[in-house]
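Quick notes on the structure that follows.
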2 protein chains.
Amino acid sequence: MRKIDPAQYRAKRRHIMMAAAPLFAAHGLDGTSTARIREAAGVSSGTLFHYFPSKRAVFVALLTDDDNGDAQRLAAARDRDDPRTALLDLVEDLAAPAASPVAAGLVMEALRQAGNDAELAAALEADSDVELEALAHLVSRSVRESGADPVLDARATAVWIQTIIGALFLRAATETGFDAAAQLRDLRLLLDRLLGETSPRTER
Amino acid sequence: MRKIDPAQYRAKRRHIMMAAAPLFAAHGLDGTSTARIREAAGVSSGTLFHYFPSKRAVFVALLTDDDNGDAQRLAAARDRDDPRTALLDLVEDLAAPAASPVAAGLVMEALRQAGNDAELAAALEADSDVELEALAHLVSRSVRESGADPVLDARATAVWIQTIIGALFLRAATETGFDAAAQLRDLRLLLDRLLGETSPRTER
DNA sequence: GTCTATACGTAGATAGAC
DNA sequence: GTCTATCTACGTATAGAC
């Protein structure tokens, strides 16, 4: 007996996920009961567990269902002409979700849960490694092509860039009235400084 | 009927807190049962609730009992002679607890919980504001006295320094095998760059 | 596919003996 | 002050009717 409509099935699954997302972001995985998810999604307990085998599965799906084609965006950034501009744009792209409190909160909770869930940790680290590689590649190209002069080597610099982006998520998730747009502007200035002089460098 | 020994009372209270700390750090507040705390501390449920009115009270006590005299240390740093060195030393001092996975995990969980607990949020923000003021003061003095040239104004720079310290805690809490010592070395280099040239500046 | 009703375990917290 | 025993509520997840 075939499904009536696979598209509708996925839509409803997604509907439940979207209802659960702000709850997980605000109260964490353990702090969110299936009853609240059920209520927020407007479905019964039976329906919830028809679409997901467990509460954790809803959470994991939110983190691993990649609807934005992240990998493609990273690959495109990697190969752009001007590495310095490409790097700064990529950073902004990676940091942008911090503007959404829900996204920021979810990421924070994901990192927390990854400590106790090897499978989740592996998935997150895989994503992170791809990001890191793209960042390091662009830092490296910047050094060669546009005279950047970072204090650290390319990979370490990339790790720090990732770290700082993570810090933005942290602040977005915890600070009420966090002004993401202003922070992104500052971030660009700071990175410019961290990467060092461009060539030809300006004399003061 | 007076207490047998107030000092012993506080010691036992502290013993329970110390037993709970790594559990909260690893599994979060909601993810840690009173049964596990009880077990780790080697006391019964009755005893646990004799010393603390609730599980949350144990957690809050871990964050708000200031045993290190943080305020004094900040005030001392504020008024040191060489502001640039004082600033870098202060940053190291503030970032140092990130070397302890338990401390880092607790801080992360505290920030997460602060979103749903106004009282806790207020306490944490008060601490953070005192830190920020000391940092901004030192940045400001560095600009005037030692020719620092940050990209942003003193307060914004201080906020970013806090952000970067937060990033260290984040990584310490989420990354297994995090090398805190190495990161502190990098941090000093990065901040030096971020603060800009010292005077007399060196020509390359 | 979606519901109602509920099983079954474990949670936080308390009572009262010692 | 500390224990054992226990209360009540709520947690996730399932069963089975529709």
Side-chain angles (χ1 to χ4, degrees), chain A residues 1-63 109 112-113 116-117 119-120, chain B residues 1-63 109 112-113 116-117 119-120:
Chain A
M1 195 193 306
R2 68 181 170 84
K3 289 228 183 61
I4 298 190
D5 187 349
Q8 203 166 45
Y9 185 88
R10 307 209 95 201
K12 184 130 203 177
R13 200 181 132 90
R14 200 170 165 72
H15 169 72
I16 294 173
M17 284 161 59
M18 291 303 125
L23 299 174
F24 284 143
H27 308 289
L29 177 60
D30 294 313
T32 302
S33 68
T34 55
R36 289 189 69 171
I37 297 172
R38 182 191 76 49
E39 184 184 19
V43 298
S44 73
S45 171
T47 302
L48 172 59
F49 285 96
H50 173 73
Y51 284 92
F52 295 93
S54 69
K55 179 172 74 164
R56 173 167 287 263
V58 181
F59 182 71
V60 172
L62 275 167
L63 295 165
E109 180 63 7
R112 152 138 279 313
Q113 291 297 329
N116 314 317
D117 181 336
E119 203 170 352
L120 183 57
Chain B
M1 198 192 303
R2 71 182 168 82
K3 288 228 185 62
I4 299 193
D5 187 350
Q8 204 167 44
Y9 184 89
R10 305 211 96 202
K12 184 130 204 176
R13 200 182 131 92
R14 198 170 168 72
H15 168 72
I16 294 173
M17 284 161 61
M18 291 304 125
L23 299 173
F24 285 143
H27 308 289
L29 178 58
D30 293 313
T32 302
S33 67
T34 55
R36 290 189 69 170
I37 297 172
R38 185 192 75 50
E39 183 185 20
V43 298
S44 72
S45 170
T47 301
L48 171 58
F49 284 98
H50 173 71
Y51 285 92
F52 295 93
S54 69
K55 179 173 76 163
R56 174 168 284 262
V58 181
F59 181 71
V60 172
L62 275 167
L63 295 164
E109 180 62 7
R112 154 139 276 314
Q113 291 296 328
N116 314 317
D117 181 335
E119 205 170 351
L120 183 57

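To find a chain, count down the sequence lines: A is the first, B the second, and so on, and within it residues start at 1.
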Does dT2(C) have OP1 or OP2 sitting under 4.0 Å from an N or O in the side chain of Thr47(A)?
no
Let me have a per-nucleotide readout for nucleotides 12-18 of chain C, 5' to 3', with B, S or -, counting only protein heavy atoms under 4.0 Å.
BBB----
Please list, chain by chain and in numerical order, all residues satisfying side-chain contact (heavy atoms from CB on, under 4.5 Å) with Ala35(B), sequence neighbours excluded.
Ser33(B)
Is any side-chain heavy atom of Lys12(B) less than 4.5 Å from a side-chain heavy atom of Gln8(B)?
no
Length of the line joining Phe52(A):CZ and dT12(D):P, which is rounded to integer Å
15 Å
Return the set of residues passing salt bridge (charged side-chain N to carboxylate O under 4.0 Å, His left out) with Arg36(A) (not counting sequence neighbours), or none when no residue passes.
none
Counting a pair only when it is Watson-Crick or G-U and both distances are under 3.5 Å, which runs of at least 3 such pairs involve DNA chain D?
C:1-18 with D:1-18
Whole-Å gap separating C1' (dG1(D)) and CG (Leu48(B))
13 Å
Whole-Å distance between dG1(C) C1' and Tyr9(A) OH?
10 Å
Length of the line joining Leu23(A):CG and dG11(D):P, which is rounded to integer Å
13 Å
Not counting sequence neighbours, which residues clear side-chain contact (heavy atoms from CB on, under 4.5 Å) with Ala41(B)? List them please.
His15(B), Ile16(B), Ala19(B), Val43(B)
Does anything in residues 23-51 of chain B form a ring pair (Phe, Tyr, Trp, His ring centres under 6.0 Å)? List the pairs, not counting sequence neighbours.
Tyr9(B)-Tyr51(B), Phe24(B)-Phe59(B)
To the nearest Å, give me how far apart CZ (Arg36(A)) and C1' (dA13(D)) are.
19 Å
Take atom NE2 of His50(A) and atom P of dT14(D), then tell me their distance rounded to the nearest Å.
14 Å
Sorted by chain and residue number, the salt bridge (charged side-chain N to carboxylate O under 4.0 Å, His left out) partners of Arg14(A) (sequence neighbours excluded) come out as Asp67(A)
Here the distance between atom C1' of dA11(C) and atom CD1 of Ile37(B), to the nearest Å, is 12 Å
Verdict with reasoning, Arg56(B) to Asp117(B), per side chain to side chain contact (heavy atoms under 4.5 Å, CB included):
CA-CA 10 Å; Arg56(B) 174 168 284 262; Asp117(B) 181 335; 2.5 Å; yes
Nearest whole Å is fine: how far is dT2(C) C1' from Lys12(A) NZ?
8 Å
Pairwise side-chain hydrogen bond (donor to acceptor under 3.5 Å, both in side chains) hits with a residue in residues 40-49 of chain A, at least two apart:
Ser44(A)-Thr47(A)
From dT2(C), dC3(C), dG1(D), nucleotide with atom closest to Tyr51(A) side chain:
dT2(C)
Contacts of Asp30(B) that satisfy salt bridge (charged side-chain N to carboxylate O under 4.0 Å, His left out) - sequence neighbours left out
none
